[in-house]
Structure formats: C-alpha cells, structure tokens
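Since the structure comes first, as structure tokens, the remarks are kept for the end.
First the proteins, then the strands, lettered A, B, ... as listed; each starts at 1.
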Amino acid sequence: MQELGNRWTGKWINPLLRKELRQRMRSGRTILALSLYLFVIGAVAFVYMYVNVQGQTLILQPARTAELFTFLSYLQLALVSFVTPGIASGVISGERERQTLSVLLTTPLSPITIIFTKFISSISFLLLLIIMTLPLYSIVFLFGGVLPSQVLAVFGLQVVTLGAIAGISIFFSTLLRRTGWSTVFSYATVAILFMGFAIFGYLFDSVGLHSADESVWMHLAGICYALDPIYMQAGIETNLGLLSPSFNQSIVSSVFDVVNSHSLSGKESWLFFLAVYILIGVILLLISAWRLRPGSLTMVRKRVIRWMAH
Amino acid sequence: MIRVENLSKRYGKMTAVHSLNFDVRKGTVFGFVGENGAGKTTTLSILSTLMLPTSGRAYINGMEVTTEPGLVRRQIGFLPDEFGVYDDLSVREYLAFYGTAYGVEPALIDKRAAELLHLVNLEDRSEVLVNSLSRGMKQRLGLARSLMHDPPVLILDEPASGLDPRSRIEMREIIKGLREQGKTVLISSHILPELADMCDEIGIIQRGTLVACASVEVVNARVSGKRHFLLEVMSEGHRLAELLSRKSKVTEILKVDENKVEFIFAGSEADQVELIHELAMGGFQLKTFQELGGSLEELFLRLTAEEDAKAELIPKMA
C-alpha cells in the first residue's frame, strides 16, 4: 500500500514537494502547532457560545450565530496571518543556513520549480490549518444564520491573503541571507498590510474632510482600505449580511461605517483586492525565482553598465 | 572531459580567479591544490553552475557551463566543501529524494541507493535518520548523493576536510574506486600527500592564478632535485650551519639555532650519505637527519613562495 502511495506521489508530486511535505508532517512542532491552533479557535468558540447561551431559553439565534462566525473568522485571519511568515520566511534562507541550497541548485530542479514548490508546501500547511477548523464552523451551521457559501467566500479571501503573505515572506527569505531578518521584514510587511493601510486610509479621510478635493482624498482612502484584509473581510461579511451595526460594539460599528462610506462591500473592491494580492504574490515569487538563479545580480550589473555606456 | 579557458572571476576590485586554463582528461583524477582563499572553491562553483564567471569559458563534457547549465547539471555530481543534510529524512529517503530530483527512474532508485550505500560503507545505516550520522558518514553519504544519477564527472571540494584519519583513508579508497569505474574526478584539497596518492594530475593555484599544472610524476621529478632537510645536533648548531653553507650541494640554509639546522639539499642519495659521514667525522653529535614534507608540499610551498615574492615585488617596482 505504501509502495502504491509512493508510486502515485512520485508520478504526480515533484520530489521537492514530496520531501517538504514529508519533513513538515514528521516534525513534532507541526503537530504541536496544529493542536494549539485548534485549541485556541475551539476554546474561543465554546466560551463565546457558553457566555451567550447561558440563561437563555432561545438557543437558535441567527444574529448571534453570525456574530460568532464573524468573530471566529477574524480570529482565524489574525492567527493565519501570524503563522504564515513564521512558516514561509525561512524556506530559502533556512536552506542557505543549513547549507543545503547549493546542492539543491546543482540538481536539474529549476529555481522557479524550487520557489513555487516551497510556496505550495507552505500554503498546503496553512490550508490544512483552515480546513481543520471546518468541524468547528459546522457548529455555527448547526445553529443556523450562516450559509456554507458565505463561509467559503470568507475563506477564499483568507486564502488569497495568506498566499500573498507567503509570497512576500518567500521573497524576503530569498533576498536576505538570514532567516531572522527575513522573519522581521515579513512581519513588518504584514503589519503594514493590516495596520499601515488602515492608518493611511484614516489619514486620507481626515485630510479629505478639510480639503477642497475631498473626493480625491476619499478615493485614496478607499484604495488603502480596499488593500487592508481586515476591511475587505468586513466588506465581504457586510455584503453577505453577516456584519451589521446591530453588533453594538464600537469597533465593529466604526469598521462598518468605513465599509459603507467607501463601498467596500461591492464587487469592485473585492476584485481589486484579489487582483492586487494575487499579482503581488506572483510577482514576488517570480522575482525570488530569478534571484535564486546563479549570477542574477551580475547580469543586472552588466546590463546597467552596458546601458550607462550607451 | 573538463576544459577551462581563460576563466576569471572578480568580486568588485578583488580578483578571485585570474585567467585559469586547464584540462581534465576523461577517466582521470585531477587534484586542485591551493591555500585558503586561493580561488579553488570559486573555480569549482563556476564549474558546478553555481556561479557565473566574469570572463572566460568552462566546458563539462563539451557543454558550456554558463549557456547550458541545465545539461551540465546532469553531467556532474557536486560535493561542496561545507554542506548540510535534511535531518528529518532517513539515509535511504535522502538518496531517493536526490535520485528523483535528477530524474532517475523510480524503479531504479532503491537499487541505485543500495549500491551506493554499499560503495560508501553505509549499507547498514539506510533506515537511520541522517542527523544521527557522524561527520565522516555524512561526507560519505554526500558522495553517494552526488553519484545517484551516475554522472560521468565528479566535482569534490575538499571532501576530506574535517575528517579523522580513518575516514580520510576510506574517502581516498572510494575515490580511487571511482577512477577505476571510469569517472572523471576534479578534487580540491589541502592534504597534498593524499592527492599525490590518488591523482593523475595536479594543478596548484595561488592568488587565483594557476602556478603549476602537470602530472604527478612530472611534479615529483621537478621536486626531487631539491629537498628540505632537518639536522638536529646535541650542540654547535651555528658551526654546523657554517660548514653546510660551504658545501656546494647545500643550496640554502633556512633556519639555524644551537641544536637545529634546516637546509635545502640538491644532491643525490649518495651525496646525502657522504654528507652524513663527513658530519660525523667532523665531530658533530647527530641526533636527527630528516627529510621534511611530502614532495608535493615542497613544490607547493616553493611555487607559492615564488608567487608571493612576485606579488611583493610588483608594488615596489610600480
């Protein structure tokens, strides 16, 4: 049976991916990370339900279920965004530090195969984290108020977000020699995506209020908010009718106001977010593959010198 | 099999390799000797497609390393001077991974891995995790890994560095066995007497320049004319040095103290016997009469010293 499995994977999965998956799933840290992740999400879900259901006769409350789903999906977005740089920011620099990269580069595996395999290997672990939480989300379905299609839409946004974060982390891992620095830069970029865009959006909004060209500033603020996964998830959840001011919490209300004032629940924003994040991820992975090629910088230097000579 | 033509590599203003030219014939072992920073690893990295040269060309089995790196990689097995292993894999899985990466038929991988583990004396370790192997074992496993796709050319960068004497001997015997199998081996090392034992030709590199390149027999013949001796006496070292300096076969006195004299002797073995007899008759109480260093080491030191002297002269002349 194992031989049959090996033959199948040997035929369909490239050897590097097979090795990566094998190594990752063999590690004790992986099991610990999976367990801890499930424990945190599960504990939060059960505590939330316990607090809300306690002392009430009516258990089936769709609005409350939507609230729980929104809460869980944000928790998941935060956890996955936190875990992704930790996993992806060492994939190439780690090979360099372990002194396995030079040997890998002398195999017929091309740099583009190596980079995209590392990306798929990182993403597959993160997808596993998300898929593992599905049974917990099924509790939400049990009480009603949320449709499976709504769950898939939110998960879709999260997958694109973590794909882009993985691309950014792999880019830093290829560019920088040390995993420590690569991790620092990856987390800094995640902070910019989640908080930087929100701050810039707020600043542009504030400037717009006192400016004659309010629409220009509002437009810029809208772009910033549309690039922030927090607001885009809020936009999708508003569109799906999951997020509403009835949550009666100031932070949710303020997010809801931004979503409405900048039309973030519309398809255009959603497509803009998808296009930018997918493009960033793909471009950074291609640059990483190019950078992994021996002599890539020498080639650039030669071209610059030739160009300057002309 | 390996051809290097005017190969140069510069890092900014620093020249790591300068106009290297050499050929390695098919089925021979070529030893690449040089001090740390002489340019050995840079040259081997270029040949292994890990680095681009600044100028010049290098060919492996007729394929140019910069324009056809993909084809070259299938022709070579590369063992870097420092390399890591994937700790979470077993020895067999480690070899299987590289075998698959090189496109070896899945049905042949286990057989090939078993043959190579036998070759490097690790057949009883096939199921243990790689991180449990000693350094010498990892080095042998690295060699087995570089042979998984049965390449005609092997590029080995200091394969014996950091190994204990027993592991060095084992590594040397394996490389000799590979030569018998018809592999072409380019090997760099600091351990010169070992290279003399297993190489057909050697190239000596100093400050990025090839200062000598010849067969081991030619090198030994060049060196045998001048040998480096140590004489230890109970006392009167300075009087001994004075006497030696008057002898026509003694070309240079290198070191003198009360009990020791080091000198270069250009005479035959008969001249050597005569000298010992003369010293004994002259009243010297001889403790030791010893030839120092291997012949290759002698040549290496002499050639590199000449190059150093030239390098020192250039700024003075300028």
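Between A:S169 and A:S186, the shortest heavy-atom distance links the atoms CA-OG, 3.4 Å.
The side-chain hydrogen bond (donor to acceptor under 3.5 Å, both in side chains) search around B:T66 returns B:E64, not counting sequence neighbours. Scanning for side-chain hydrogen bond (donor to acceptor under 3.5 Å, both in side chains) contacts around B:E105 gives an empty result, with sequence neighbours left out.
A distance of 10.0 Å separates CZ in B:R92 from CG in B:L117, rounded to the nearest 0.5 Å.
For a residue to count as touching a neighbouring chain, one of its non-hydrogen atoms must lie under 4.5 Å from one of that chain's; by this rule B:V85 touches chain A with the backbone only. For a residue to count as touching a neighbouring chain, one of its non-hydrogen atoms must lie under 4.5 Å from one of that chain's; by this rule B:Y86 touches chain A with backbone and side chain alike.
Residues of residues 95-114 of chain A lying under 4.5 angstrom from chain B, judged on non-hydrogen atoms, are A:E95, A:R98, A:Q99, A:T100, A:S102, A:V103, A:L104, A:L105, A:T106, A:T107, A:P108, A:L109 by number.
Side chains of A:T30 and A:R24: no donor on one and acceptor on the other come within 3.5 Å. Residues B:Y59 and B:E68 have side chains that never bring a donor and an acceptor to within less than 3.5 angstrom of each other.
Residue pairs meeting the ring-ring contact (aromatic ring centres under 6.0 Å, His included) criterion with at least one partner in residues 130-159 of chain B, sequence neighbours excluded, are B:Y102-B:H149.
Taking A:K19, A:Q23, A:R26 one by one and counting their heavy-atom pairs under 4.5 Å with chain B, the maximum is reached by A:K19.
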